[in-house]
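We count residues from 1, following the sequence as given. Numbering of ligands and ligand atoms starts at 1, following listing order.
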Amino acid sequence: MPTPLKIPSCQQRHAAGLMEDETWVDLLKEKKDGCDLSHACRPFNPQTYSGASHCTTAELNAAVLESHFLHRVATEVAMETGVTVKEVKEEARSILEEMSQNLQLGFVRLMGFVLTKVLKRIFTGVFFNMDGLNTLQQAVKENPVILMPNHRSYVDFLVISYILFTYDIPLPVIAAGIPLAGMSIVGEILRRSGAFFIRRSIGSDKLYWAVLSEYVRSIVRGGFAPVEFYVEGLRSRTLKSLTPKLGMMQMVLEPYFKSEVFDITLVPISISYDRVLEESLLVHELLGVPKPKESTAGLLKASRVLQEDYGSMHVNFGRPLSVRQLCEGRINRGHYNLIPRCRTHVDLVQSPTAQEQACVSWIAHRVVRLQEQGSLLGPWPLMACLLLRAPAAVLTGEGLPWRQLREETLWLRRLALDFGALLKFPGQWNNVCCLFSVSDLHRSVVQRKEGRIYLVEEERDIPRKHPLSPEEGVLRTAAPLLMLAAYQNQCLHIFVRPAMLAVAARIAGSTQRDELLAAFCFLQVVFSNEFIFVPGRSHQDFEEACSLLEKCGAVQADRQEVTVAPGGQEVFSFLQELLQPFIHSYQVPRSPFQVLTEKHFLPTVRNKATNLILSGDLGTYEALSSDTQKNALSALRRLEAATKLRNEYKVNLAAVRRIGDALCEWLDRNTFIVLKVLFITASNGSLKAFFFSSLSL
Ligand SMILES: CCCCCCCCCCCCCCCC(=O)SCCNC(=O)CCNC(=O)[C@H](O)C(C)(C)COP(=O)(O)OP(=O)(O)OC[C@H]1O[C@@H](n2cnc3c(N)ncnc32)[C@H](O)[C@@H]1OP(=O)(O)O
Ligand SMILES: O=C(CO)COP(=O)(O)O
């Protein structure tokens, strides 16, 4: 058996829903010298859900197509579109063919064989928590189980199935984006390894929603296999958790809402990487380079990633959550219970109630938050935080002294521990060799020379015919900086609540609790796409921030006031600086946009941000990131200051005034804060463009 590895502090384990005596097992340890083929051919005898009846792929598909629900929807669609029900049902059949999984053990073994070789090559260790896995093993016998991992890499779903296969746990069927199905041969292998394929933007396609939701509900109801889906909807390019998508979440919970199952178990899974395989590609996407189309040829070309070292990865199976318990007091299932319990009625087409929608959103956010809390952090995310505090010019020019970085990392480690981070630092980590090995692992981002650490600039050694334009120069610096920012983001969830309190203190210019709370809540609204806040928990988040800051001695708090403690300013400044790039990025160019169409939004803002960086008016490269720009736009729409009309964004003047008035209260009280609301009148006099607010600290 692989040797278990103990991880630190039980207090942190509780925060992440980890169990007592958590042990980490290295999946690769035995396989390093073992036979890959014998692992792939191992006997596989999982114990399945006790209530499940065996069902083949064909039987499952037939049940979906013959369901009363689909018949009702097909009839409605036929009436709405003027075609026959038979034709609509034919379309439903082809949707299902495109979608459905066809899990076969032979293909899983084939994948297992290849995967063992790949994992051994690129990772020094693939760790998982054995206790979490044992609990999962038990849970799959008792209720339908939904696996909900965070999503940072294509490796995520491969490793989860690999672990379950290795430990005799039923293999999941996995919601996958449809482009993967289009990869020749590979798409079919994935389908036969458990992937079912869903279109990316379903929009208002009623028939598609009906087929997909009936398909997913049938699997959950029948408990044929655990369902795995990525609630964030895609790999996070910023390595920060993404706002959950609610479509699949709604579908997997519905059988419980409709009392078709007694309970459903949700298992949050946190996957953390020392180094992410796709780090460079994902950052370039943030900078506007189109994502390469998923193709088998592309996959083969990308095989050069196998030459690199990616350190280790950790898969943390979180504590299973009972949907029944989560929904207690939130969902009234009474109105379904009033309907006679025969198939015909249970299947009636009913939109989710407002109560259900709120509950779905709450559960989805809660799971993502638990994923964050279960993530393991090594020294590198903390080092990235500290490196990013230095201006880009310092990092590319004179560099930072090693000694300083080491001391500051020690300081930040203590703070992160106080804030409940799950840290995994190598034994002798502050030994200089250990720090060197961390930076060597990230040589695509930093390099060290003569006691200093520098940012790597892209394509430094590539001979060029023409000198770089200033704009190209900005992008060249931006790529490694955004990578560094992404690694910093891995630990941001630890600091974000205290950091928001530190910023709120600055905005409110007061030590009164109620004023701080108001400013804190305002910041939560503005940044609710950047960071995960569970709906309805603002007050608890605020209290949590106060108590964490109290714990590390940065503030003194009583019922009325929260004041910075003597000696707390260092922590406060660090936390304020942590949020500064986000605050600066939510800043708009002053020159007027003539038209703000959806298509032009990202390139226009990116160009403007590039110019601001060049002129020295903007110090943060994160403003170039398309994710940040989209989040800022969402914030404006949420604040009802910008609305989308077809493919154009329009300003709501009344909302702008309202927000402006509200912001002015703070403005008057604190001269350090400048809140600008810029809205631009197009030449025809109608308000056409856009506004942004910026907080300059
Ligand atoms: C031994 C080794 C083994 C190895 C073995 C390897 C195994 C290898 C397997 C490979 C496996 C790959 C795995 C890849 C992993 C991914 O590919 S991750 C990407 C795919 N997965 C996901 O995206 C899951 C999460 N996404 C969702 O849940 C999304 O909601 C959906 C379902 C995809 C839909 O997305 P969307 O169209 O963007 O919709 P969304 O924004 O959620 O909602 C749009 C609107 O529809 C409305 N709506 C929601 N639900 C409904 C409904 N039921 N009816 C009507 N309208 C609805 C919404 O209210 C919303 O309305 P508005 O608010 O816009 O007015
Ligand atoms: O999530 C996916 C498969 O893992 C595909 O989506 P992205 O490539 O956009 O991350």
Side-chain angles (χ1 to χ4, degrees), residues 27 36 39-42 44 69 73 99 101-116 118-119 146-167 169 171-181 183 186-217 227-237 242-254 278 281-282 285 290-294 298 349-352 356-357 360-361 364 368 644:
L27 193 63
D36 301 344
H39 175 260
C41 297
R42 67 183 298 282
F44 181 62
F69 172 75
V73 176
M99 180 184 299
Q101 55 79 27
N102 186 11
L103 184 57
Q104 295 174 15
L105 195 54
F107 282 84
V108 172
R109 294 189 188 285
L110 170 70
M111 289 289 278
F113 178 68
V114 177
L115 211 52
T116 307
V118 171
L119 294 176
I146 315 295
L147 303 175
M148 297 183 64
N150 58 352
H151 201 10
R152 303 290 173 263
S153 166
Y154 283 139
V155 177
D156 299 338
F157 48 81
L158 298 172
V159 163
I160 291 177
S161 289
Y162 189 92
I163 296 174
L164 300 199
F165 172 73
T166 308
Y167 287 88
I169 297 176
L171 292 165
V173 293
I174 311 165
I178 197 85
L180 292 175
M183 296 170 74
V186 173
E188 195 49 36
I189 295 178
L190 295 180
R191 191 187 292 278
R192 291 176 191 223
S193 307
F196 65 93
F197 296 100
I198 55 180
R199 293 184 193 160
R200 262 312 163 71
S201 241
I202 304 169
S204 56
D205 188 336
K206 195 167 172 178
L207 186 64
Y208 194 90
W209 275 114
V211 175
L212 175 60
S213 53
E214 185 56 25
Y215 185 70
V216 171
R217 283 194 306 248
V227 173
E228 177 176 321
F229 77 98
Y230 291 82
V231 70
E232 295 169 288
L234 70 169
R235 290 165 298 160
S236 168
R237 272 67 178 153
L242 300 176
T243 310
K245 294 262 201 175
L246 304 181
M248 281 290 293
M249 190 80 242
Q250 166 78 34
M251 290 174 220
V252 299
L253 294 178
E254 248 174 47
E278 299 99 320
L281 270 180
L282 297 183
E285 278 184 49
K291 173 180 152 180
K293 191 173 164 352
E294 289 87 345
V349 183
Q350 287 186 358
S351 320
E356 282 170 6
Q357 285 175 10
V360 167
S361 169
V368 178
K644 191 174 164 194

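Under a 3.5 Å cut-off, the side chain of Gln101 and the backbone N or O of Leu103 do form a donor-acceptor pair. Distance alone, capped at 3.5 Å, places no donor-acceptor pair between the Glu285 side chain and the Lys291 backbone. For the pair Arg192 (side chain) and Gly106 (backbone), a donor-acceptor distance under 3.5 Å is absent. A donor-acceptor contact shorter than 3.5 Å is absent between the side chain of Tyr215 and the backbone of Phe196.
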Stepwise side chain to side chain contact (heavy atoms under 4.5 Å, CB included) test for Arg109 and Phe44:
CA-CA 10 Å; Arg109 294 189 188 285; Phe44 181 62; 4.1 Å; yes
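Applying the side-chain hydrogen bond (donor to acceptor under 3.5 Å, both in side chains) test to Gln357 and every residue at least two apart in sequence or in another chain returns nothing. Remark: Ala40 engages Phe113 in a side-chain contact (heavy atoms from CB on, under 4.5 Å) (not counting sequence neighbours). Annotation: ring-ring contact (aromatic ring centres under 6.0 Å, His included) contacts of His151 (sequence neighbours excluded): Tyr230.
Each of the following atoms of ligand 2 lies closer than 4.0 Å to a heavy atom of Phe157: 4 (O). Every atom of ligand 2 with a heavy atom of Arg235 under 4.0 Å away is listed here by number and element: 1 (O), 7 (P), 8 (O), 10 (O). The Leu234 neighbourhood of ligand 2 comprises atoms 1 (O), 6 (O), 7 (P), 9 (O), 10 (O), with distances under 4.0 Å to a heavy atom of that residue.
Comparing heavy-atom distances from atom 10 (O) of ligand 2 across Glu278, Lys291, Arg237 singles out Arg237 as nearest.
Taking atom 1 (O) of ligand 2 as the reference point, the nearest protein heavy-atom neighbour is His151 NE2, 3.0 Å. For atom 3 (C) of ligand 2, the nearest non-hydrogen atom of the protein is Tyr154 CE2, 3.4 Å. Scanning the protein for heavy atoms near atom 5 (C) of ligand 2, the closest one is Arg200 NH2, 3.1 Å.
Within 4.0 Å of ligand 1, contacts by protein heavy atoms are made from Val108, Met111, Gly112, His151, Phe157, Leu158, Ser161, Tyr162, Phe165, Ile174, Ala175, Ala176, Gly177, Leu180, Leu190, Ser193, Ala195, Ile198, Arg200, Ser201, Ile202, Gly203, Trp209, Tyr230, Gly233, Lys245, Gly247, Met248.
Taking all atoms of both residues into account, the shortest heavy-atom contact from Arg200 to Gly233 is NH2-O, 3.5 Å.
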